[in-house]
There are 2 protein chains.
Amino acid sequence: MLGDRWSLLIIRDLMLRGFRTYKEFLGCYEGIATNILADRLQKLTAHGIIGAQPDPEDGRKWIYSLTAKGIDLAPVLTEMVLWAAAHEDTGNQALVQEMKKDKQKFLAAIRQRWAEGK
Amino acid sequence: MLGDRWSLLIIRDLMLRGFRTYKEFLGCYEGIATNILADRLQKLTAHGIIGAQPDPEDGRKWIYSLTAKGIDLAPVLTEMVLWAAAHEDTGNQALVQEMKKDKQKFLAAIRQRWAEGK
DNA sequence: TAGATCACTTGTAATCTGCAAGTGAAATGT
DNA sequence: ACATTTCACTTGCAGATTACAAGTGATCTA
């Protein structure tokens, strides 16, 4: 269900990088094809991990967001980021430091952010 | 690097189900092809996540094991199992209960088991 | 109202995967 | 000693999946 090259990246960027629209995803990943992105967004939606709403300010856009099920992946993503930081070259040292310092606080902040609807 | 259908399952079963040989993996997953299994074991080895040693009791067999880098995936796998248990139908309720009850203790036990060389 | 932007869809070629059948080395049975 | 079986793979090939380029229609902007 998450066992493909892009799904977890999409969730990560919704959760940690504030991505919201198709264009943001498409522009960011080197190499993701338009049809594959559309397919993954659709499958994640079908699995109830993300949701989509029309943008009230621009009728062409859709705004993607995490569902409760998607937000519950925060501990998984956090551990993955920490693992990658420990064993591979990764950027984003600030984020990693914040996670390491107080994991529970970090997770609580993510949940809080989504509870507030942003 | 782990973004495919089988790699994380292989790591999970090395870590939690005590799998050690090619045959165990092959017999367990419905549908994994022999060449794909060989390929994944090789790639995981190349990435330093698993290692392989010849079986001293049977010259045909290889014994696969987790490296330190692989063992460090325990928190990721644990959170994934807990997420799946909360949101999908999964078996292995005993394992899930043990993880939930004391996550740190559970992780310490995994590390201990590997430190002892089993 | 012409052109740009947006989120896709479609077509096609290349790549990857799944399955069946094989291979060689090592173990087992007689 | 020799045939058979087991083991961990490899090989060949058809079918599925993916990447890339080029649209498409609805919506926004100048």
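By convention in this document, chain letters (A, B, ...) are assigned in the order of the sequence lines, proteins followed by strands, and residues within each chain are numbered from 1.
Atom OH of A/Y22 is separated from atom P of C/dC6 by 12 Å (rounded to the nearest Å). At whole-Å resolution of the value, CH2 in A/W62 and P in C/dT9 are 11 Å apart. Remark: C1' of C/dT5 and CD of A/E24 are 15 Å apart, rounded to the nearest angstrom. Taking atom CG on A/L37 and atom C1' on D/dT17, their separation rounds to 16 Å, with Å as the unit. Taking atom CG of residue B/L26 and atom C1' of nucleotide D/dT6, one finds them 13 Å apart after rounding to whole Å. Counting to the nearest Å, the P atom of D/dC9 and the CD1 atom of B/I63 are 12 Å from each other. For A/F25 and C/dC6, the CZ to P distance is 15 Å, given to the nearest whole Å. Going from atom CG of A/L41 over to atom C1' of C/dC6 covers 14 Å, rounded to whole Å.
Taking only side-chain nitrogens and oxygens, A/Y64 comes nearer than 4.0 Å to OP1 or OP2 of C/dC8.
A salt bridge between B/E88 and A/K69 is present, with a side-chain N of the basic residue lying under 4.0 Å from a carboxylate O of the acidic one. Of the charged side-chain nitrogens involved, none lies within less than 4.0 Å of a carboxylate oxygen, so that A/K103 and A/E98 do not count as a salt-bridged pair. Salt bridge annotation for B/D4-B/R40: present, with a cationic side-chain nitrogen under 4.0 angstrom from a carboxylate oxygen.
Here the closest non-hydrogen pair linking B/S65 and B/W114 is CB-CZ3, 3.6 Å.
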Where along nucleotides 16-27 of chain C does protein come under 4.0 Å, by heavy atom, of base (B) or sugar-phosphate alone (S), with - for untouched nucleotides?
-SBBBB---BBS

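Between the B/E24 side chain and the B/R20 main chain, a donor and an acceptor come within less than 3.5 Å of each other.
Mapping B/K23 and B/Q42 onto DNA chain D by nearest heavy atom places B/K23 closer to the 5' end of the strand.
Crowding of B/E57 atom CD: a count of heavy atoms from other residues, nucleotides or ligands under 6.0 Å not exceeding 12.
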